[in-house]
2 protein chains.
Amino acid sequence: MPVPSPPSAKLSVDPTAMPDGGKAADVQAADVQAADLTWLLNRAAARMRGELDAVARGHGLAGVRDWIVLTALGVEGGRTQLQLGRELGVDKTTLTSLLDRLEGDELVVRRLDLRDRRARIPEVTEAGRRLQTRIAVARDEAEARLLAAFSPDERRLLRVLLTRLADSTAASGPCL
Amino acid sequence: MPVPSPPSAKLSVDPTAMPDGGKAADVQAADVQAADLTWLLNRAAARMRGELDAVARGHGLAGVRDWIVLTALGVEGGRTQLQLGRELGVDKTTLTSLLDRLEGDELVVRRLDLRDRRARIPEVTEAGRRLQTRIAVARDEAEARLLAAFSPDERRLLRVLLTRLADSTAASGPCL
DNA sequence: CGGATACCGTCCGGGGCAGGACGTTCCCAT
DNA sequence: ATGGGAACGTCCTGCCCCGGACGGTATCCG
């Protein structure tokens with residue numbers, strides 16, 4: 001048995017079988033219905049996360065979270081730590097230690113807000129930006145590798161569905 | 001901003017908008033392409049997990065994991081702790097403490113294997129079975145609630161895609 | 001029959017993460 | 001002006017989780 005099977009489900013569908021053409025996967029078997037969605041989601045997330053974690057570590061970071069933070073800062077700066085944490089779903093205390101490490105590696109700097117002397121505004125350094133772009137490439141490769149069995153349509157579809165699912169009124173638990 | 005946005009992505013697609021008809025969601029915008037898949041996966045998984053955790057806790061369990069274990073045991077017994085752990089992606093030590101608690105609550109018993117006196121074979125008690133079925137109902141309700149915006153086809157499709165993604169040669173990181 | 005090796009489950013130690021309390025600063029009302 | 005309440009970030013603490021070491025057992029091989 002190559003893969004652990006989700007509880008309460010015996011999938012007769014071969015998950016690795018690619019539905020050939022460029023069309024999105026046809027829903028072919030009702031058995032899938034029985035699978036536990038929570039299980040599948042966590043499993044898939046864990047898998048991808050592990051893969052990306054390895055990538056990040058290979059480039060000197062501690063994990064994906066570092067890279068996520070770096071990217072978020074690169075896209076749009078000027079946010080306080082708390083704002084950043086809320087947006088990323090990371091606890092403020094966790095973000096503190098995380099930034100401590102990143103700052104120690106000269107990848108970010110905490111500029112203090114001139115308007116509000118309580119707040120520190122994290123900012124990516126040039127080195128951080130370089131590292132970020134370098135990892136982005138590796139990430140794309142890794143993702144492509146994991147999505148090798150997916151047609152372009154399926155990839156987009158997966159993103160759409162996940163986006164809709166991830167969206168929610170209350171950002172319940174922490175993520176990442 | 002109701003929802004934290006993934007880094008390196010501005011989704012112009014309204015994720016809550018249901019593509020009306022019963023057909024699967026049309027891939028409507030290329031912007032989605034930019035989103036980080038790892039982020040989406042973890043976000044979605046965290047959300048669903050949080051929801052299901054609450055359900056489990058409401059029924060006296062500590063979290064989803066308890067319920068997962070209970071279900072797995074109910075579906076097929078006779079496995080040793082190590083086998084079970086491997087199949088579920090749970091570390092053996094974690095499974096030990098987990099079973100300790102469940103056993104304390106009289107939901108499972110550790111029967112010792114007659115063939116191999118090293119091994120303990122966890123088994124669901126009648127009470128555990130009752131609890132399991134009770135939670136299964138609540139889980140279905142919760143999942144249905146989370147998937148309210150999805151058409152039946154989309155739900156099946158999501159399962160198919162996730163299954164294919166979760167499947168992998170190496171079960172890398174722990175899940176759940 | 002006896003020793004060596006591999007294996008199952010448990011216990012212990014280290015590390016990471018989140019919640020609560022605290023110091024500092026801001027904002028607003030009086 | 002000034003005092004009270006709220007907010008931002010950090011430190012401290014407790015919890016959970018995994019990796020490694022240990023006792024007990026099975027299996028293999030001489």
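In what follows, every chain begins at residue 1, and chains take the letters A, B, ... in the order their sequences are listed.
Ion pairing between a basic and an acidic side chain is recognised when a charged N comes within 4.0 Å of a carboxylate O; B:Asp113 and B:Arg115 show no such pairing. The pair B:Arg47-B:Glu51 counts as a salt bridge, with a side-chain nitrogen and a carboxylate oxygen less than 4.0 angstrom apart.
Here the options are B:Arg110, B:Arg120, B:Arg86, the test is side-chain hydrogen bond (donor to acceptor under 3.5 Å, both in side chains), and the partner is B:Gln81; only B:Arg110 passes.
Side chain to side chain, A:Asp153 and A:Ser151 fail the donor-acceptor criterion of an N or O pair below 3.5 Å.
What separates CG of A:Asp100 from C1' of D:dC11 is a distance of 11 Å, to the nearest Å. The nearest whole Å value for the distance from the CG atom in A:Leu82 to the P atom in C:dT24 is 20 Å. Protein atom CG of B:Leu98 is 12 Å distant from nucleotide atom P of C:dT10, rounded to whole Å.
A donor-acceptor contact under 3.5 Å is not formed by the side chain of B:Arg118 with the base of D:dA26.
Of all nucleotides listed (C:dG9, D:dT10, C:dG19), C:dG9 comes nearest to the side chain of B:Gln81. Of the candidate nucleotides C:dC26, D:dG19, D:dC17, D:dC17 has the atom nearest to the side chain of B:Arg65. With D:dG19, C:dG9, D:dC11 as the choices, the nucleotide that has an atom nearest any side-chain atom of B:Thr93 turns out to be D:dG19.
A:Thr80 comes within 4.0 angstrom of the backbone, heavy atoms only, and of no base. Among the atoms of the strands shown, none is found under 4.0 Å from any heavy atom of A:Arg101.
Closest-nucleotide positions on DNA chain C for B:Lys92 and A:Asp91 were compared, and the one nearer the 5' end corresponds to B:Lys92.
Using a 4.0 Å cut-off, some side-chain N or O of A:Arg110 falls inside it from OP1 or OP2 of D:dT10. Within the structure, a side-chain polar atom (N or O) of B:Thr96 is placed less than 4.0 Å from OP1 or OP2 of C:dT10.
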